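Below is one structure, written out as structure tokens; the observations come after it.
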Amino acid sequence: PLSPQVPYQPSSPRQVANTLALLRGRAGKTVDLGSGDGRLVLEAYKQGLRPALGYELNPWLLCLANYRAWKAGYHGKVSFLKKDLWKVDLSDCQNVIVFLAPSVKPPLATKLLAELPDGARVVAGRYPFPSWTPSSTLGQGLDQVWAYDIKEVRQEVQSSAQESQL
């Protein structure tokens, strides 16, 4: 699979706010795929999305994320794991945050559709999923984020697959 090598860009405060606005009122396990310095995971936990965890391969960013969690008083409450997101099982995740490069989106879309429960919501930052229709979007330009409800995406994918068989 593609390596999700993405140049690290911390999310702007506006991106963080927009992302969490699209998850407002939701519950359940929340993961950030490629969690960087952890700011989205910490904010998710702060807003009551629990458990909240991040997967990140860069050891420096993992250290930074853990330091920020400790500084915020969330040590042991949020988790940052050094795991390859292609090998992580997402079947128990209700909320997935993805700020990854466009090249990663198509294979990731396949993985998310295969593993996530129907009630899950995926929020993408910076780049939308090219083949999915978002259920909502917020912000402009670099701060824009897109929310996808997996159940809707599945129905859309199934009906377009059926149409292509006709």
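Please read these numbers as outputs of a predicted model, since none were measured by experiment. Excluded from the calculations below are hydrogen atoms, water molecules and symmetry mates; all remaining heavy atoms, backbone and side chain alike, are included.
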Measuring from atom [atom1] of [X] to atom [atom2] of [Y], what distance do you get when rounded to the nearest 0.5 angstrom?
X	Y	atom1	atom2	answer
Leu138	Thr19	CG	OG1	8.5 Å
Asn95	Arg50	CG	CZ	13.5 Å
Asp149	Leu22	CG	CG	10.0 Å
Trp146	Tyr127	CH2	OH	9.5 Å
Asp32	Glu43	CG	CD	12.5 Å
Tyr55	Leu81	OH	CG	5.5 Å

Show your working on side chain to side chain contact (heavy atoms under 4.5 Å, CB included) between Asp37 and Phe80 and close with a plain yes or no. CA-CA 9 Å; Asp37 65 7; Phe80 296 101; over 6 Å; no

Restricting to non-hydrogen atoms, name the atom on Pro102 and the atom on Pro106 that form the minimum distance, rounded to 0.1 Å. O-CD, 3.3 Å

Which atom of Tyr74 lies closest to which atom of Lys46, heavy atoms considered: OH-CG, 3.1 Å

Hey, is Glu115 close enough to Lys111 for a salt bridge, meaning N to O under 4.0 Å? yes

According to a 4.5 Å side-chain heavy-atom criterion applied to Ile, Leu, Val, Met, Phe, Trp and Tyr, with indirect links allowed, do [X] and [Y] form part of one hydrophobic cluster?
X	Y	result
Leu62	Trp86	no
Trp132	Leu100	yes
Val16	Leu42	no
Leu53	Leu116	yes
Tyr45	Val41	yes

Taking atom types as modelled, is there a side-chain donor on Gln94 or Thr30 under 3.5 Å from an acceptor on the other? no

Is there a side-chain contact between [X] and [Y] in this structure, where contact means two heavy atoms from C-beta onward sitting under 4.5 Å apart?
X	Y	result
Val98	Leu108	yes
Val96	Leu112	yes
Leu40	Phe99	yes

Between the side chain of [X] and the main-chain N/O of [Y], is any donor-acceptor distance below 3.5 Å?
X	Y	value
Thr137	Val145	yes
Arg154	Leu113	yes
Ser12	Gln15	yes
Glu56	Gly36	yes

Leu142, CG atom: more than 12 neighbouring heavy atoms under 6.0 Å: no

Atom NZ of Lys151 with >12 non-hydrogen neighbours under 6.0 angstrom: no

Does Phe129 have Lys105 sitting over its ring (NZ/CZ under 6.0 Å from centre, angle to axis within 45°)? yes

Check for me whether Arg121 meets the cation-pi criterion with Tyr148, that is, NZ or CZ under 6.0 Å from the six-membered ring centre and within 45 degrees of the ring axis. no

